[in-house]
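A quick write-up on the structure given underneath.
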Amino acid sequence: MATQRLMCLRPLAQRNPIVLAGMLVGVFASCDYGPGHADLEFGLSESTMASLDEVGLASSSPQVSGTLTTLFGTPQDPHFLITTEMLDGDENPNLSGDYEVSEEQWEIIVTDNRSRRFLRQLDLIKAGRYGVVPEPLYAGDLWAIWISDFAPLHTGEPAEVGGTAVKVDPASAFDENLWVPGLPEDGATWAEAAELLFTNWYPSLRESAEMYRVQCLHCHGVEGGGDGPTAEFLEPRPRDYRLGKFKWIAVDNGKRPRRQDLVNILMQGSYTTAMPSFARFSSGQLHGLVDYVRLLAMRGETEARLVLEMSDSDSGDLPLGTIESTYTDVWTNWRDADENYVAAEVIVPRWDQMSVGEQMTRGEHGRELFMGTLANCFSCHGVDGRGADAPTLPISLAEVVDADEHEIDPEYEARGGYRWVEYKDAAGHIMKDEDGHVLRDLYRIKPDDWGNPSMPRNFTRSVFRGGSRPIDLYRRVKYGINGTIMPAAVEEISDEDIWDLVIYVRMLANSHDLARVYEHKQAALADRHAIEHGHSDSDDSSGGHSDDGDQHNDNNHNEASGH
Amino acid sequence: MIMRITITLLMVALLVLGIVSWADYEFWLMAPSPSHYTWWWPEEMSTLGQRVDNLFWLILVMVTVMFVITMGALILAIWKFSAKREDKAVFIHGSHKLELLWTAIPAAMLLVIAFSQMSTFAAMQFDSSMQDEDGHDLPVLCEIWGSQFDWRFRYPGKDGRFGTNDDFESAYELVMPMRDTEKDQDKKMVVFLLRSRDVLHSFFVPHLRFKRDAVPGMTQRIWMAVDDEQMAEIMGGREDKTFDIICAELCGWGHYKMSGRVRVLPDAEYEAWVEEMTALQFGNS
Ligand SMILES: [Cu+2]
């Protein structure tokens, strides 16, 4: 019986390898390995479509997207339209990275190109093995130059079709009709020019768009709307660039970020969010990404403003003048971002050189400000500094909604956007009405500009998403966090006060520091060890390590460590 | 018949794959690259690396021999008996001798592995290996934090204490002092605390033959050490003197992004780096 049953599987088993091979071939053939996925397109945002719909202009959406394509290009070929004003001002946003990066930054870019980015290519070029230089990732334009202009060096075929197939001598003078960045005025050899091509590389917008497609798009989306395919699985959600707002900037609330602000975030990541550090890429690549992110942000902003203009006008038309002035205005805001930067004058206090006594005094003053109505920190971050994690809801964080009337948004609820708060009597017991129902109110956490529930930082977790350096915290207090309920400090709060606040916040973070708890535990174990073994070298705190599990009980140890 | 052809094809494919990957390693057929890019382990340069490699080879040779023998027997059986498939199957009770044999041999192999790794394991994992002669814990250089999806390194700053205001963080790059073979006879190693913010990660530095899971809620003392001689021998002529850190535990959708690099510096340069990071920490860029 069993044999017979098994026998029926024979035909399938025999065909299986062939079926399997066929399937594999099918899978590999259907994968698209080519760069640039031709089908990527910039779309219009949901809010654009909604507002056009509202004023009965839904049919005009092609006009908006057409205008945007003229101004900003496509994902395959992104570029800024150059206006006469830009020409007059000798500015070219397509090459803004070229002139905006400082000399020190440029030096780092070149070093990175040489020692990391094009290490393999340059190794082979130096060894004279031009024919086997491999194609680098995300450098399509550079590679095109290598293939065409440098053909005489590696394939032996001159650039012009029909020439004689002779390889040039790498030590001979470089073709004077060709150009590579950084070429010395008195010329260079082919070998030198080949090296320069790679070491002096700065990404074009097209190359950065390709890198964005692979590295960033899956979260931040094609248009930078924070709506890529992986976005819905993330908490917090990826940034939507199209508002032109970036949270962690060193300039006044509402202003555009500096180039350095965006580079900082790419380098450091945003800790405990899904935005990792991208320091594994070269400096040039990160600057290129900033260029492209800026293009996406400007495109989104222009889109929103054009739609506003359109719905305000009677005809629903977009006059050329309006387009140009909007476009120029959006660009100018970004161009001037660096000029708004005043923090260079800020002197960061060196707490590491400050006495404990002074730190305590200043921290105490910071605590007073924290609890005071002027800075008002406690109203969102809670009296214990635990923000959204606080056991009692901070008073300014949410608003009461009518539980019967209000239509609860299930997605907002799933993301922690609603809280029930019970009434309690003086003894702390939950109050109930005559029917035994718990008396409670429904609170809705205030949303930020992107529609996310506000989650004020829990300082005791010692994690600061926008950076934990003193200057980072200073900027958060001074300028607020763009697009969120975290406001800029009022004028009455002096810089000195802000630093005191920062010191207090760092104290909150440090007081629960697990490493310190760990140290403390080690010391306690050493003491116990000493007592058990009957000799008292109790001022020695580092010995006697035990491996009886490393789970900490946060609270106990914090009490014991007596900050 | 088809079974025989399939087996033959599979064997040929395996052989070709083996030869091609060996040839590629030797002659860079598929990817021309400088000599230090390999498909195999990178050079080892930790003070413990050689012992780890020896264990790796011991186990690899043992399992390869066993693999060839058992798979050979399997293929032989399929080959030999597939021609007689019209025969009726015969039920046998089993063979005590054979069972004894295939229990005893693996057990012996496991014992060989167990005994040969003991001293290396102790040197690598035991707390006693991270203490000085008086039994005091060696100081911690920095905390290694795994979090979705990057590696971060928190240094205690110049005061050597965590949780004070001069702590600084380095994302992506782990910088550690080099062991001076002549001067640091007694300074055996650099000690770190390995921790995780969220889920399981695994801290893996192939060059140092170091791999350890980062477990949320657990603080593990780990150590690594690089000799200046090894450093000079292997990294000396290179433009890029860093080597990779990767996450070796699937930790979520962004696992592939989770990398870092190690930079090993002589004491003086390391001190300079700490100065630089402290300046950055109190800077205003
Ligand atoms: Cu991981």
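Just so it is clear, the structure is predicted and the values come from calculations on it, not from any experiment.
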Quick one: what part of [X] sits under 4.5 Å from any heavy atom of chain B, side chain, backbone, both or neither?
X	value
A:Gln359	side chain
A:Phe233	neither
A:Asn264	side chain

Among B:Asp166, B:Asp198, B:Asp150, who wins on heavy-atom pairs under 4.5 Å with chain A? B:Asp150
Quick check: does any side chain N or O of [X] sit under 3.5 Å from a backbone N or O of [Y], one acting as donor and the other as acceptor?
X	Y	result
B:Arg152	A:Gln268	yes
B:Arg197	A:Thr272	no
B:Lys257	A:Met275	no

Heavy-atom closest pair, residues B:Gln281 and A:Ser468: NE2-O, 4.4 Å
Is there side-chain contact between B:Thr278 and A:Arg350, with at least one heavy-atom pair below 4.5 Å? yes
Qualifying salt bridge (Lys or Arg N to Asp or Glu O under 4.0 Å) pairs with a residue from residues 242-253 of chain B, counting only residues at least two apart or across chains: none
Where does the angle between the aromatic ring planes of B:Trp253 and A:His218 fall among parallel (under 30°), tilted (30 to 60°) and perpendicular (over 60°)? perpendicular
Could you state the interatomic distance from CE (A:Met267) to OH (B:Tyr172), rounded to the nearest 0.5 Å? 9.5 Å
